[in-house]
Every structure is written in C-alpha cells, then in structure tokens.
*Asks:* 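Dropping a structure here in structure tokens format, bear with me for questions.
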Amino acid sequence: MSFLGVDVGTTGAKALLVDAKGHVKASATHEYPMSHSQPLWAEQDPNDWWEATQRSIEQVDDGRVEAIGLTGQMHGLVLLDKKGEVLRPCIMWNDQRTEAQCAAITAKADVLDLTGNPVLPGFTAPKIVWVREHEPEVYVRVAKVLLPKDYVRYRLTGEFFSDVSDASGTSLFDVKNRAWSDTMLDAVEIPRAWLPEVTESAEVSAKVRVGPLEGTPVVGGAGDQAAQAVGAGIVVEGLVSVTLGTSGVVFAASDTYRVDPRLHSFCHAVHNKWHLMGVMLSAGGSLRWYRDVIGGVPYDRLIAGAAEHSDGVIFLPYLSGERTPHPDPHAKGVFFGLTLRHTKAQLTRAVLEGVAFGLRDSLELMRAQGLSFEQVRVTGGGAKSALWCQILADVFNTQIVTVGVTEGAAYGAALLAMAEHPEPELSEPILPRHDAAKYEETYRRYRALYPALMEHFKDG
C-alpha cells in the first residue's frame, strides 16, 4: 500500500511515494523554466507542469497507490476556456505587476474583513483584474480560473476542485468561514461559475480518469506551505516552522481564526484549524543571488567561509520586493555600513544574518497575536547548513531543530492522502549562544533601515 504526493513547485514537479507508515519509498522531480519577459513579471506554461508531473509519477508509481495528494506553488493564475484549454501563461506567485489593481480592489471592498488578508500583488484576484484591463481578448474567453496544483488535478481527473488552504491566497476566499466570498466576487466582478468547488485538504475531491492510476482517489491537497507544515508536524497551536527555500516562510498553526494585516491568515490543511504565515520573497534566493554575483562558489564552501561576525554590515534581503512585514513590491536589497575594511566573508555573514532578521520580523508579529512557542522547526535547503541554523537560533533567541524528512510539500501532500500526520523525526536542539544578546542591537538597527529608505525605493 502506497500514497502519492505531487508537488507542482516553482522550479519543477515532484512525485513522492510513501508507505503506510510515512516512510519515503521513491521520489522523482522534473524541472521546467520560468519566464521574466518584463520587469516584475514571472510566468510559466501550465502544460510544462503537466508534462513534468506525468514523467515524475511514471518514475515512482509502484502499482499500489491508494490515494494521491496534490500541492504546489500558491496564488498562480491559470485561465482556461470552455474547452479546458490554457488561454495564457500562468501569472505566478512572485509576479509583482499588479500594484495598481491591488489598490483598486482595496478601494472597492473591506478586504481585511471579508478575506482576513490585504490584497497583495502576488495574490490571484488582482491578476484576474490585470488580465481584464490589459488583455481583454483573453478575458472574454475565460471559463475557469484555477490555481497551479488544481490545473494538474483537472488534467488528472477532468474535475474542477481546490482546497481551503490554497483558496485562502486568492483574495476571493472567506477564510473565517472556509468558503468563497460572494461579496468579494461581486466587488471584483468575477463570476462565481469561474471558480472551482472547494473541499477540506484531506477530503477526496475526484478520481483519476486516465492512465495506470485510473480510479485512484485524489484528495483536496493543500498549498505548498500548508502541506509542508503537515510534513513538519506543525498541526497544533504552539508549533512553528521556518522554511528556508527560495523564499522564506514562517508558519504557525492556530486553533482559532486570527488576523494581522502584516501576516497571511489562511485556512490550515488540518480540518477546522487556521494558520498565520509570514513570507519573505528572497531568503535562499538572496544567498543564490550573492553566490552568483561573486562567481558561483558552491553553497557549502561559501557558507563555511562566512566570517564569525559581519563587523557592522547589515543586509536587507528585499531583492524581489517584500511581503512580510513590508508589503512593498518596490523594496530593494541593500548592503548597509560598508567600509574599505570589509571582506567577502563578512558580506556572506551579513546575507545569512539579514535573512534571519527578516524571518524574525514574522515571529515577532506572531508573538504579538498571542502565539507562544519555545522551539522553531526549520526545513528547506537552508536547513542543511549548521551555521545558518545557529544564526537563526541566536537571532530568534529560540531553540532550533531541523526536520528529518527533507522532501517538503510533496511529503505533506502524501500524508494528506493517507489522512494521517505522523510526528516527524527531529534533530538535536540547537540552542542560542551568547551571540543572541549581541544580535538584539543589530536587529534594532536592521528594523530601522526600511522605514528610513522606503520612499527612496520607489525612485529606482
């Protein structure tokens, strides 16, 4: 007996097979490109997702799959015509073109009250409005609006469904009541018939209609961060995770519905629970940019060569704009405090610390919402670095552990298909050192930089 998790990620589609005890049996990933044809734009071809998904599934299918769970990048806009054909490339989560549309939607409706979240450029609704305003020849042909993983579901099953966690990031969903908001749809003038039916994450939504997996149940699944949280065991209040991937995500489970306009307030993949989430757009992405700029040094050697301290240099990791706590598509990356004495090793240290400071911003907002935690579970590629995890422990002044399963969202999707959430294997705790006190002053200086520079970001 096996359970299949499928992740329609930003860089590739992963298929992951687990057994009934949650042990990983097989994994396969096939990559696809992303287009940045204009500044602030990010697009992908949904057909590439489907082809990569098929190849990945073929590599891991053992003929004993009991159920399939889907996950993937959130917020992306997939538009289909009446025949189910893709009308244009998907406008992705990290696309920042819709600042004007966000402002217009906010002026029309009390979005915080209706959806629990401000409208942000990465979310789905402003992208729909952008297409209406800039591509009317496409807009008039729209029959269905889907999120990335739900497009793959459609290709697998022929059915139109989403789940409560992924729908939460559209700016069209009543997060408190776990249903589409008719008031928001009316305000934005989007037909309800365009949207898929929504289920809870572990609820069966449809069955595969073609191929060797024909007849296999497909559960609702979840957005990538909610699925990853399930895999990390962040399923009850008091548990918090940090994902150090291309983006950085702080995720806290909540037994009750809480709202802070600087955080994402979404439905959890766990029935009748919610979560608060802070997102920084360039976490590991900042380190990748820095590595590429200085000549492509391997990550392990780059991090190993980081200095013991940054000697006053502070890095603002706003290379793709920012979301939390500054929802600003114009925000820019900054090295602050440079002098002739500074070295590459100290700049490397500043990048690692700057990402940690940005993640702490979200943790502080969650504490202000009454959430308490004594441990942070770290996942993603950055979790492989003992030094970066130690910096996180010092900056957060909180115990850090890493999660044994490294397969991320696909693993959580497989657990949703299994309808069980086994406790993951955790590392030995990494405790804060004496550096924690030193970082308090540096963090205060870090927080002062964005307000001082925000008006200048708009000029560049």
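This one's a predicted model, so the numbers in the text were calculated from it and none came from an experiment. Just the heavy atoms: all of them, side chains too, but no hydrogens, waters or symmetry mates, feed the values below.
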*Asks:* How long is the gap from CG on L392 to OG1 on T402, to the nearest 0.5 Å?
*Replies:*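 Result: 11.5 Å between the selected atoms.
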*Asks:* Rounded to the nearest 0.5 Å, what's the gap from CG on L363 to OG1 on T398? Could you check?
*Replies:*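 Here the interatomic distance stands at 7.0 Å.
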*Asks:* To the closest 0.5 Å, what do you measure between CG (L263) and CG (L371)?
*Replies:* 9.5 Å
*Asks:* Looking at Q59, I'd like to know if its CD atom is crowded, meaning that more than 12 non-hydrogen atoms belonging to other residues, nucleotides or ligands lie closer than 6.0 Å.
*Replies:* yes
*Asks:* Using a 4.5 Å cut-off on heavy atoms from C-beta on, say whether the side chain of L146 contacts that of S162.
*Replies:* no
*Asks:* Working to the nearest 0.5 angstrom, can you tell me the gap between H271 NE2 and E200 CD?
*Replies:*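 So the NE2 of H271 and the CD of E200 are separated by 5.0 Å.
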*Asks:* When you measure from the side chain of R153 to the backbone of F161, do you find a donor-acceptor pair of N or O atoms at a distance under 3.5 Å?
*Replies:*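 Pair found, side chain donor or acceptor close to backbone of F161.
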*Asks:* Return yes when atom CD of E423 has more than 12 non-hydrogen atoms of other residues, nucleotides or ligands closer than 6.0 Å, and no otherwise.
*Replies:*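 Count over threshold, so yes.
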*Asks:* Minimum heavy-atom separation for A222 and A227, please, with both atom names.
*Replies:* CB-N, 3.9 Å
*Asks:* Here's a test for you: under side-chain hydrogen bond (donor to acceptor under 3.5 Å, both in side chains), which of D163, T71, D7 qualifies with K149?
*Replies:*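 Only one option passes, and that is D163.
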*Asks:* Taking S171 for the side chain and V119 for the main chain, is one N or O donor matched with an acceptor at less than 3.5 Å?
*Replies:*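 A pair under 3.5 Å: no.
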*Asks:* Would you sort out whether T124 and L172 count as a side chain to side chain contact (heavy atoms under 4.5 Å, CB included), showing the intermediate values?
*Replies:* CA-CA 8 Å; T124 314; L172 299 171; 5.8 Å; no
*Asks:* Side chain to side chain donor-acceptor pair (under 3.5 Å): which pairs involve residues 239-248, sequence neighbours left out?
*Replies:*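 Every side chain to side chain donor-acceptor pair (under 3.5 Å) pair that includes a residue of residues 239-248, provided the two are not neighbours, is Q228-T243, T243-T379.
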*Asks:* Looking only at heavy atoms, which two atoms of A193 and K144 are closest? And how far apart?
*Replies:* O-NZ, 3.0 Å
*Asks:* So how far is it from R258 CZ to E237 CD, rounded to the nearest 0.5 Å?
*Replies:*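 Going from CZ on R258 over to CD on E237, the span is 4.5 Å.
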*Asks:* What is the ring orientation for Y318 with H326, classed by angle as parallel under 30°, tilted 30 to 60°, or perpendicular over 60°?
*Replies:*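 Plane angle over 60°, so perpendicular.
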*Asks:* Just verifying a value: how many Å separate Q54 CD and W49 CH2, rounded to the nearest 0.5 Å?
*Replies:*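 Rounded to the nearest 0.5 Å, the CD-CH2 separation comes to 14.5 Å.
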*Asks:* Per the side chain to side chain donor-acceptor pair (under 3.5 Å) rule, what does the pair list look like for residues 282-294, sequence neighbours excluded?
*Replies:* S282-S320, Y290-T348
*Asks:* Can you confirm whether more than 12 heavy atoms, excluding those of K207, are under 6.0 Å from its NZ atom?
*Replies:*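 No.
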*Asks:* Residues in side-chain contact (heavy atoms from CB on, under 4.5 Å) with T29, at least two apart?
*Replies:* K14
*Asks:* Can you list, pair by pair, the side-chain donor-acceptor contacts under 3.5 Å of residues 77-84, counting residues two or more places apart and other chains?
*Replies:*
unit_1: D81; atom_1: OD1; unit_2: K83; atom_2: N; d: 2.9
unit_1: D81; atom_1: OD1; unit_2: G84; atom_2: N; d: 3.1
unit_1: D81; atom_1: OD1; unit_2: E85; atom_2: N; d: 2.9

*Asks:* Hey, does P118 have a side-chain heavy atom less than 4.5 Å from the side chain of T106?
*Replies:*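 No - every pair of side-chain heavy atoms lies 4.5 Å or more apart.
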*Asks:* Which residue pairs pass the ring-ring contact (aromatic ring centres under 6.0 Å, His included) test when at least one of the two sits in residues 75-102, sequence neighbours left out?
*Replies:*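 For residues 75-102, and leaving out neighbouring residues, the ring-ring contact (aromatic ring centres under 6.0 Å, His included) pairs sorted by first residue read H75-F123.
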*Asks:* Going through the distances and angles, do L281 and Q96 end up as a side chain to side chain contact (heavy atoms under 4.5 Å, CB included)?
*Replies:* CA-CA 11 Å; L281 297 180; Q96 297 286 308; 3.8 Å; yes
*Asks:* Any side-chain to backbone donor/acceptor pair from Q44 onto T10? Under 3.5 Å, distance only.
*Replies:* yes
*Asks:* Verify side chain to side chain contact (heavy atoms under 4.5 Å, CB included) between V8 and Y151, making sure each step is shown before the conclusion.
*Replies:* CA-CA 10 Å; V8 187; Y151 174 72; over 6 Å; no
*Asks:* Partners of K176 by salt bridge (charged side-chain N to carboxylate O under 4.0 Å, His left out), sequence neighbours excluded?
*Replies:*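 Once residues adjacent in sequence are excluded, K176 has no partner under the salt bridge (charged side-chain N to carboxylate O under 4.0 Å, His left out) criterion.
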*Asks:* Under the side-chain hydrogen bond (donor to acceptor under 3.5 Å, both in side chains) criterion, do Q390 and D394 qualify, and how do the steps go?
*Replies:* CA-CA 6 Å; Q390 184 63 64; D394 295 339; 3.1 Å; yes
*Asks:* Test side-chain hydrogen bond (donor to acceptor under 3.5 Å, both in side chains) on Q225 and H264; report intermediate values, then the result.
*Replies:* CA-CA 11 Å; Q225 295 306 322; H264 301 338; over 6 Å; no
*Asks:* Within a 6.0 Å radius of atom CD on E425, are there more than 12 heavy atoms belonging to other residues, nucleotides or ligands?
*Replies:* no
*Asks:* Quick one: salt bridge (charged side-chain N to carboxylate O under 4.0 Å, His left out) partners of D61, sequence neighbours excluded?
*Replies:* none
*Asks:* Can a donor-acceptor pair be found, under 3.5 Å and without considering hydrogens, that links the side chain of T324 to the backbone of V279?
*Replies:* yes
*Asks:* Do K332 side-chain atoms and H330 backbone N/O form a donor-acceptor pair below 3.5 Å?
*Replies:* yes
*Asks:* Return the set of residues passing side-chain contact (heavy atoms from CB on, under 4.5 Å) with S385 (not counting sequence neighbours), or none when no residue passes.
*Replies:*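 With sequence neighbours excluded, S385 shows a side-chain contact (heavy atoms from CB on, under 4.5 Å) to I303, L387, W388, given in chain and number order.
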*Asks:* Can you list everything that forms a salt bridge (charged side-chain N to carboxylate O under 4.0 Å, His left out) with K273? Sequence neighbours excluded, please.
*Replies:* D255
*Asks:* Hey, does D224 have a side-chain heavy atom less than 4.5 Å from the side chain of M74?
*Replies:* yes
*Asks:* Ignoring hydrogens and angles, tell me if any N or O in the side chain of R55 forms a donor-acceptor pair with the backbone of H30 under 3.5 Å.
*Replies:*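 A pair under 3.5 Å: no.
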*Asks:* State whether the side chain of Y154 and the backbone N or O of E159 hold a donor-acceptor pair below 3.5 Å, judged by distance alone.
*Replies:*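 It does not hold such a pair.
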*Asks:* What residues, two or more places apart in sequence or in another chain, satisfy salt bridge (charged side-chain N to carboxylate O under 4.0 Å, His left out) together with R97?
*Replies:*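 With neighbours one apart ignored, the set is E43, D95.
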*Asks:* Is there any salt bridge (Lys or Arg N to Asp or Glu O under 4.0 Å) pair reaching into residues 351-373, and which pairs are they, with sequence neighbours excluded?
*Replies:* R349-E353, R360-E364, R360-E440, D361-R447, E364-R367
*Asks:* If only atom types and distance count, is the side chain of Y257 paired as donor or acceptor with the main-chain N or O of N177 below 3.5 Å?
*Replies:*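 Side chain of Y257 to backbone of N177, a donor-acceptor pair under 3.5 Å: no, none is there.
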*Asks:* Got L244 and L359 here, is their nearest side-chain heavy-atom distance under 4.5 Å?
*Replies:* yes
*Asks:* State which residues pass side-chain contact (heavy atoms from CB on, under 4.5 Å) with D182; sequence neighbours excluded, sorted by chain then number.
*Replies:*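 Per chain and number, D182 pairs via side-chain contact (heavy atoms from CB on, under 4.5 Å) with L185, R192.
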*Asks:* Using modelled atom types and a 3.5 Å cut-off, is there a donor and acceptor pairing between side-chain atoms of N47 and backbone atoms of D45?
*Replies:*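 Absent.
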*Asks:* Quick check: does any side chain N or O of S254 sit under 3.5 Å from a backbone N or O of W274, one acting as donor and the other as acceptor?
*Replies:* no
*Asks:* Heavy atoms only: give me the nearest G231-P424 pair and the separation to one decimal.
*Replies:*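 The pair with the smallest heavy-atom distance is O-CB, 3.7 Å.
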*Asks:* Is the closest side-chain heavy-atom distance between S168 and F173 below 4.5 Å?
*Replies:* yes
*Asks:* Provide the closest heavy-atom pair for G22 versus L415 in the form atom of the first, atom of the second, distance.
*Replies:*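 Result for this residue pair: CA-CD2, 4.5 Å.
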